[in-house]
J.: 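Below you will find the structure I want to go over with you.
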Amino acid sequence: MSLPKKVKIVEVGPRDGLQNEKETISAEVKIELVNRLSAAGFPNIEAASFVSPKWVPQMATGSEVMQGITRKPGVVYSALVPNMKGFEAALACGVDEVVIFGAASEAFSQKNINCSIAESIERFREVAQAAKQHGKRLRAAVSCAFACPYQGEVPLSAVADVVRRLRDLGCDEIDIADTIGVATANQVRPVMETAIREFHIEGLSGHFHDTYGQALANIYASLEVGISIYHSSVAGLGGCPYAKGATGNVATEDVLYMMKGLGIETGVDLDAVSDAGQFISRHLGRKSVSRVGNALAAKRQQAA
Ligand SMILES: CC(C)(COP(=O)([O-])OP(=O)([O-])OC[C@H]1O[C@@H](n2cnc3c(N)ncnc32)[C@H](O)[C@@H]1OP(=O)([O-])[O-])[C@@H](O)C(=O)NCCC(=O)NCCSC(=O)C[C@@](C)(O)CC(=O)[O-]
């Protein structure tokens with residue numbers, strides 16, 4: 001199969017990227033980050049998370065962030081929502097797309113959202129109905145589609161099962177996530193093909209963490225099976241609080257550079273993303289982990 005000519009990049013840095021930071025990051029900084037990212041041309045930005053602040057304190061400012069950003073017409077601003085309490089909060093501040101988040105691993109489901117997979121689907125059913133009623137887009141994440149930090153191997157049948165159940169809730173998009181960044185390219189085809197059998201390919205996305213440095217290879221392998229939506233995080237920020245040791249998502253700058261080299265259209269301005277990456281890295285007091293972002297910054301410094 002030839003590679004897609006165009007892909008959608010969903011920028012998840014403001015949510016997935018920042019949720020694990022120990023030091024509190026002010027709403028102002030998050031707002032500036034989201035604004036810089038929308039100016040860079042992303043069609044979809046995961047801007048917040050409406051979860052329990054006891055579980056993920058860094059995301060407690062979700063409403064402030066959503067209310068403070070400059071909404072760019074056409075951009076879909078998404079937020080994670082585990083239950084109706086989260087949905088009501090997301091609705092009140094004008095989130096465009098709610099993201100329910102389940103797992104293909106029972107153990108991870110328990111650690112992350114404190115319930116079994118079957119219980120999570122029942123909670124999500126209510127959220128899904130409310131989302132449809134209010135005209136909101138509905139996306140679902142499938143964590144641990146490749147491996148689980150608690151139970152290890154995750155069978156393909158578990159991926160198929162949860163994708164099917166989420167499809168039946170009426171999801172517009174379903175994210176196939178390598179939560180701990182351990183997958184290699186050979187694993188991608190069977191997992192993605194399993195998901196494709198259960199859900200329309202145009203709505204499936206690849207959400208790869210880069211713990212073992214395999215994310216770009218895994219994205220390439222996903223392109224080869226026709227997946228055309230990818231999640232990434234500016235400056236490679238991130239890590240899941242309930243997946244210890246896992247590093248951030250693949251860096252957006254690296255993904256954009258690869259897509260450009262492959263002649264695949266994203267509509268996103270790499271230089272502007274690179275600037276946003278340097279902005280947030282400066283704020284966090286550490287170097288970006290994006291190889292491309294750092295190379296571009298060094299090149300510009302040399303030229304100045
Ligand atoms: C799902 C719960 C809430 C269950 O947590 P629980 O303790 O079972 O919930 P509960 O209903 O018993 O409520 C406990 C307390 O939380 C409050 N609460 C309840 N819900 C909310 C809410 N929505 N917003 C704000 N507060 C809430 C509720 O009001 C109560 O407050 P208290 O009475 O004790 O003061 C909890 O487990 C939770 O918040 N988990 C979130 C974990 C999380 O955010 N993980 C990271 C995101 S997932 C991820 O990163 C993976 C992904 C998506 O990127 C893909 C991948 O890479 O795999």
Side-chain angles (χ1 to χ4, degrees), residues 10-21 46-63 66 78-93 95 97-105 107-117 119-124 126-127 130 139-151 154 158-159 162-163 166 171 173-183 191 195 204-211 215 218 229-233 236-250:
V10 179
E11 170 58 49
V12 299
R15 195 284 301 173
D16 207 348
L18 296 182
Q19 69 180 4
N20 208 28
E21 288 296 328
E46 204 168 272
S49 185
F50 294 94
V51 299
S52 162
K54 287 184 191 147
W55 285 62
V56 185
Q58 187 63 257
M59 290 288 102
T61 49
S63 300
M66 280 307 301
S78 316
L80 259 60
V81 162
N83 53 21
M84 281 308 289
K85 183 162 182 160
F87 179 80
E88 296 300 341
L91 185 67
C93 56
V95 164
E97 178 183 67
V98 296
V99 184
I100 48 182
F101 51 106
S105 146
F108 189 80
S109 181
Q110 289 290 351
K111 294 273 186 194
N112 194 42
I113 51 174
N114 206 24
C115 65
S116 68
I117 295 172
E119 285 164 342
S120 75
I121 298 294
E122 287 320 305
R123 276 189 206 167
F124 297 154
E126 219 185 332
V127 175
R139 171 150 70 80
V142 177
S143 286
C144 301
F146 297 86
C148 169
Y150 306 107
Q151 78 177 41
V154 174
V159 177
V162 74
V163 170
L166 292 167
C171 289
E173 243 168 79
I174 298 185
D175 314 327
I176 305 301
D178 181 15
T179 309
I180 51 175
V182 293
V191 171
L204 284 173
S205 74
H207 177 110
F208 292 104
H209 285 259
D210 204 22
T211 316
N218 293 337
I229 309 173
Y230 294 96
H231 293 191
S232 60
S233 186
L237 298 171
C240 175
Y242 295 95
K244 291 278 173 275
T247 62
N249 296 90
V250 61

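Order of appearance sets the numbers: ligands from 1, and atoms from 1 within every ligand.
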J.: What are the two closest heavy atoms between Leu166 and Ala141, and how far apart are they?
T.: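 In terms of heavy atoms, the two residues are closest at CD1-O, 4.4 Å.
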J.: Provide the number and element of each atom of ligand 1 under 4.0 Å from a heavy atom of Asp16.
T.: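 The atoms of ligand 1 under 4.0 Å from a heavy atom of Asp16 are 50 (O), 54 (O).
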J.: So, for Ser78 and Glu97, which heavy atoms are closest and what is the spacing to 0.1 Å?
T.: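 So the minimum-distance heavy-atom pair works out to OG-OE1, 2.7 Å.
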J.: Which part of Ala141 is near ligand 1, with near meaning a heavy atom under 4.0 Å away: side chain, backbone, both or neither?
T.: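 Ala141 to ligand 1: side-chain contact only, backbone stays beyond 4.0 Å.
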J.: Can you check whether Ala183's main-chain N or O pairs, donor with acceptor, with Asn218's side chain at less than 3.5 Å?
T.: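 A pair under 3.5 Å: yes.
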J.: If every non-hydrogen atom of Met66 is compared with every non-hydrogen atom of Cys93, which pair is closest and at what distance?
T.: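 So the minimum-distance heavy-atom pair works out to CB-SG, 3.6 Å.
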J.: Report the member of Val142, Val12, Thr179, Ile113 with the shortest heavy-atom distance to atom 2 (C) of ligand 1.
T.: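 It is Ile113 that holds the nearest heavy atom.
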J.: Could you tell me if His207 and Asp16 have a donor-acceptor pair between their side chains, going purely by distance under 3.5 Å?
T.: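 A pair is found: one side chain offers a donor N or O, the other an acceptor, under 3.5 Å apart.
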J.: Under 3.5 Å between any N/O of Asn112 and any N/O of ligand 1: does that happen in this structure?
T.: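 Yes; the residue has a nitrogen or oxygen that sits under 3.5 Å from a nitrogen or oxygen of the ligand.
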J.: Minimum heavy-atom separation for Ala104 and Ile117, please, with both atom names.
T.: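 So the two residues come closest at C-CD1, 4.0 Å.
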J.: Of all the atoms in ligand 1, which lie at a distance below 4.0 Å from a heavy atom belonging to Asn114?
T.: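 Counting from 1, the qualifying ligand atoms are 6 (P), 7 (O), 8 (O).
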J.: Side chain or backbone of Asp178 under 4.0 Å from ligand 1, or both, or neither, by non-hydrogen atoms?
T.: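 For Asp178, no heavy atom sits under 4.0 Å from ligand 1.
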J.: Out of Ser109, Ser143, Ala90, Gly248, whose heavy atom is nearest to atom 51 (C) of ligand 1?
T.: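 Closest candidate by heavy-atom distance is Ser143.
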J.: Show me, pair by pair, the donor-acceptor contacts under 3.5 angstrom made by side chains of residues 79-89, not counting sequence neighbours?
T.:
residue	atom	partner	partner atom	Å
Asn83	OD1	Lys85	N	3.3
Asn83	OD1	Gly86	N	2.9

J.: Give the contacting part of Met59 toward ligand 1: side chain, backbone, both or neither, where contact means a heavy-atom distance below 4.0 Å.
T.: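 Answer for Met59: neither.
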J.: Counting each atom of ligand 1 from 1 as listed, which ones have a heavy atom of Leu80 under 4.0 Å away?
T.: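 Selected atoms, number and element: 47 (C).
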J.: If we ignore angles and hydrogens, is there a donor and acceptor under 3.5 Å between the side chains of Asp175 and Ser205?
T.: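 Note: Asp175 and Ser205 side chains meet the donor-acceptor criterion.
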J.: Please state which part of Arg15 comes within less than 4.0 Å of ligand 1, counting heavy atoms only: side chain, backbone, both or neither.
T.: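 Just the side chain.
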J.: Looking at Val250, is its backbone amide N or carbonyl O close enough to the side chain of Ser232 to form a donor-acceptor pair, meaning the two atoms are under 3.5 Å apart?
T.: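 No.
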J.: Using a 4.0 Å heavy-atom cut-off, say whether Val56 meets ligand 1 through its side chain, its backbone, both or neither.
T.: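 Contact part for Val56 vs ligand 1: side chain (C-beta onward).
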J.: Taking only residues two or more places apart in sequence or in another chain, which ones pass side-chain hydrogen bond (donor to acceptor under 3.5 Å, both in side chains) with Gln110?
T.: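 Partners of Gln110 by the side-chain hydrogen bond (donor to acceptor under 3.5 Å, both in side chains) criterion come out as none, since no residue qualifies.
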J.: Looking at side-chain heavy atoms only, is the closest gap between Phe108 and Ile180 below 4.5 Å?
T.: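 No; the side chains remain at least 4.5 Å from each other.
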J.: List ligand 1 atoms under 4.0 Å from Gly86, heavy atoms only on the residue side.
T.: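 Selected atoms, number and element: 23 (N).
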J.: Return a yes/no value for Ser49: is any of its N or O atoms, backbone included, closer than 3.5 angstrom to an N or O of ligand 1?
T.: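 Ser49 vs ligand 1: no N/O contact under 3.5 Å.
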J.: With heavy atoms of Pro53 as the reference, note each atom of ligand 1 found under 4.0 Å away.
T.: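 Heavy-atom distances to Pro53 below 4.0 Å select 25 (C), 26 (N).
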J.: Counting each atom of ligand 1 from 1 as listed, which ones have a heavy atom of Ala177 under 4.0 Å away?
T.: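 Atoms satisfying the 4.0 Å criterion: 55 (C), 56 (C), 57 (O), 58 (O).
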J.: Please walk me through it: do Val182 and Thr211 pass side-chain contact (heavy atoms from CB on, under 4.5 Å)?
T.: CA-CA 7 Å; Val182 293; Thr211 316; 5.6 Å; no
J.: Should you measure from each heavy atom of Phe50, which atoms of ligand 1 turn up under 4.0 Å away?
T.: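 Atoms satisfying the 4.0 Å criterion: 22 (C), 23 (N), 24 (N).
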J.: What do we get for Pro82 next to ligand 1 when only non-hydrogen atoms under 4.0 Å count, side chain, backbone, both or neither?
T.: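 Pro82 to ligand 1: side-chain contact only, backbone stays beyond 4.0 Å.
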J.: Could you tell me whether Val51 approaches ligand 1 through its side chain, its backbone, both or neither, with non-hydrogen atoms closer than 4.0 Å?
T.: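 Within the 4.0 Å criterion, Val51 contacts ligand 1 through backbone and side-chain atoms alike.
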J.: Output the list of atoms in ligand 1 that are nearer than 4.0 Å to some heavy atom of His207, sorted by atom number.
T.: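 Counting from 1, the qualifying ligand atoms are 54 (O), 55 (C), 56 (C), 57 (O).
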